[in-house]
Number of protein chains: 2
Amino acid sequence: MAPSRHDRHSVIDCALHLLDDIGLPDLSMRRIAAELEVQPSALYWHFPNKQALLAGVADRILSAVPAPDASRDTSQVARAVLDALLAYRDGAEIVMSSYALRLGTPRAQRALAASLTAHPDSDVLADAVFEFILGHATLLQQRMHAQSIGAVEPDAQDPTAHSDAVFCAGIRALTAGVRT
Amino acid sequence: MAPSRHDRHSVIDCALHLLDDIGLPDLSMRRIAAELEVQPSALYWHFPNKQALLAGVADRILSAVPAPDASRDTSQVARAVLDALLAYRDGAEIVMSSYALRLGTPRAQRALAASLTAHPDSDVLADAVFEFILGHATLLQQRMHAQSIGAVEPDAQDPTAHSDAVFCAGIRALTAGVRT
DNA sequence: ACCTGAACACCGTTCAAGT
DNA sequence: ACCTGAACACCGTTCAAGT
């Protein structure tokens with residue numbers, strides 16, 4: 001039994017599964033290394049630092065959004081991006097910081113921009129839509145976690161229904177001027 | 001020379017100034033304590049934990065937005081919220097996590113909702129606008145910091161101009177249906 | 001090519017004890 | 001009322017050395 005060699009792909013896999021179990025605040029290099037039954041320093045052979053590892057995780061999270069396709073509806077693409085972000089615990093926060101550092105590939109923005117080619121300022125509007133989705137998803141996921149900790153009493157109204165109404169209203173308004 | 005007694009207000013003051021100097025990632029309890037010339041454990045007399053201290057900082061950041069006023073234009077209020085978030089380094093990120101945990105007072109959302117009373121779903125739309133502003137400001141500030149570190153090459157186009165265009169387009173679209 | 005072992009300079013938080 | 005001192009259980013990262 002060789003002591004299990006690893007590569008970037010398997011490390012990211014491990015980090016992604018661990019993320020769902022323990023959340024971003026507890027996702028340390030040491031914890032990932034322990035899960036892989038390896039010393040923490042071993043991770044630095046595959047990635048220069050933690051940020052780079054998380055950028056790999058972010059790319060994997062966004063790999064679930066379909067490739068750019070001008071025939072698709074913007075609200076449809078927006079929903080796909082939201083679903084991808086919500087598919088893993090704290091997914092939005094990870095994508096947010098990786099995107100800001102311009103690590104990883106801007107797959108989501110490209111898919112959104114493609115669906116907006118009818119609009120004169122498709123790239124500007126695509127960025128606005130992406131920023132709204134990220135803000136929405138980040139807030140929602142942090143709230144979900146806070147609630148599971150019991151740090152916060154549930155909303156008066158159903159939180160999922162309200163959150164969905166906010167998302168739909170936002171996307172509808174942002175795409176109202178297009179393909180009229 | 002008494003060894004300088006402190007209260008919550010002075011601790012938050014110190015943290016806010018320190019934030020501008022060193023940024024959120026380096027803003028540790030130990031660093032704040034050192035700045036106040038006090039032991040780290042002393043901070044736990046004033047706040048139950050770091051999260052609560054940061055919630056105080058978030059409230060102070062948002063205290064710059066004017067009180068709810070139905071006669072104000074939504075785009076005007078949105079700009080005031082953005083300016084408040086950008087006034088301190090990493091202000092958006094601090095407000096984002098404190099708001100998600102429902103610590104602190106929802107001053108910004110109330111001001112936005114007041115400016116939208118003409119709209120039937122003023123609270124839903126106010127939340128959407130707030131989420132867009134937070135996403136926009138967080139991305140912008142993280143990008144600014146990454147750039148100052150040199151971790152990222154500046155945009156081809158002027159980043160400030162592009163970012164401003166995205167913000168204006170987003171706010172215009174989100175408030176297009178109101179007071180027609 | 002991929003990993004170990006040991007170290008460095010840090011964290012947030014608790015708690016008995018001091019004044 | 002407000003703080004010290006010491007401890008506990010952690011961090012990310014580096015680097016010589018192993019196989």
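Below, chains carry the letters A, B, ... as their sequence lines are ordered, and counting in each starts from 1.
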Could you tell me whether the side chain of [X] and the main chain of [Y] form a donor-acceptor pair under 3.5 Å?
| X | Y | result |
| --- | --- | --- |
| Thr74(B) | Ser115(B) | yes |
| Gln141(A) | Gly91(A) | yes |
| Arg8(A) | Phe47(A) | no |

Measure [atom1]/[X] against [atom2]/[N] and give the value in whole Å, please.
| X | N | atom1 | atom2 | result |
| --- | --- | --- | --- | --- |
| His46(B) | dA1(D) | NE2 | P | 12 Å |
| Asp7(B) | dC3(D) | CG | C1' | 14 Å |
| Glu37(B) | dC2(D) | CD | C1' | 16 Å |
| Gln39(B) | dA6(D) | CD | P | 9 Å |
| Leu27(B) | dC11(C) | CG | P | 10 Å |
| Arg31(B) | dC10(C) | CZ | C1' | 13 Å |
| Met29(A) | dC10(C) | CE | P | 19 Å |
| His6(A) | dA1(C) | NE2 | P | 18 Å |

**OP:** Assign the ring pair Phe167(A) / Phe132(A) to parallel, tilted or perpendicular, where the plane angle (0 to 90°) is split at 30° and 60°.
**Re:** parallel

Kindly point out which of [options] is positioned nearest to the side chain of [X]?
| X | options | answer |
| --- | --- | --- |
| Trp45(B) | dT13(C), dA1(D), dC3(C) | dA1(D) |
| Tyr44(A) | dC11(C), dT13(D), dT4(C) | dT13(D) |
| Ser28(B) | dC3(C), dC11(C), dG12(D) | dC11(C) |

Subject >> Integer angstrom distance from the C1' of dA9(D) to that of dC10(C) >> reply: 13 Å

Original post:
Considering only the C1' atoms, how many Å lie between dC3(C) and dA16(D), rounded to the nearest integer?
Top reply: 13 Å

Suppose we define a pair by two distances each less than 3.5 Å, Watson-Crick or G-U wobble; what does [N] pair with here?
| N | answer |
| --- | --- |
| dA9(D) | none |
| dA17(D) | none |
| dC3(C) | none |

**OP:** First locate atom CG of Leu18(B), then atom CG of Asp26(B), and finally report the distance between them rounded to the nearest 0.5 Å.
**Re:** 9.5 Å

**OP:** Under 4.0 Å between any heavy atoms, over every strand shown, what does Asn49(B) touch: base, sugar-phosphate, or nothing? Just pick one.
**Re:** sugar-phosphate

Original post:
Has the side chain of Ser41(B) got a donor or acceptor atom sitting under 3.5 Å from an opposite partner on the base of dG5(D)?
Top reply: yes

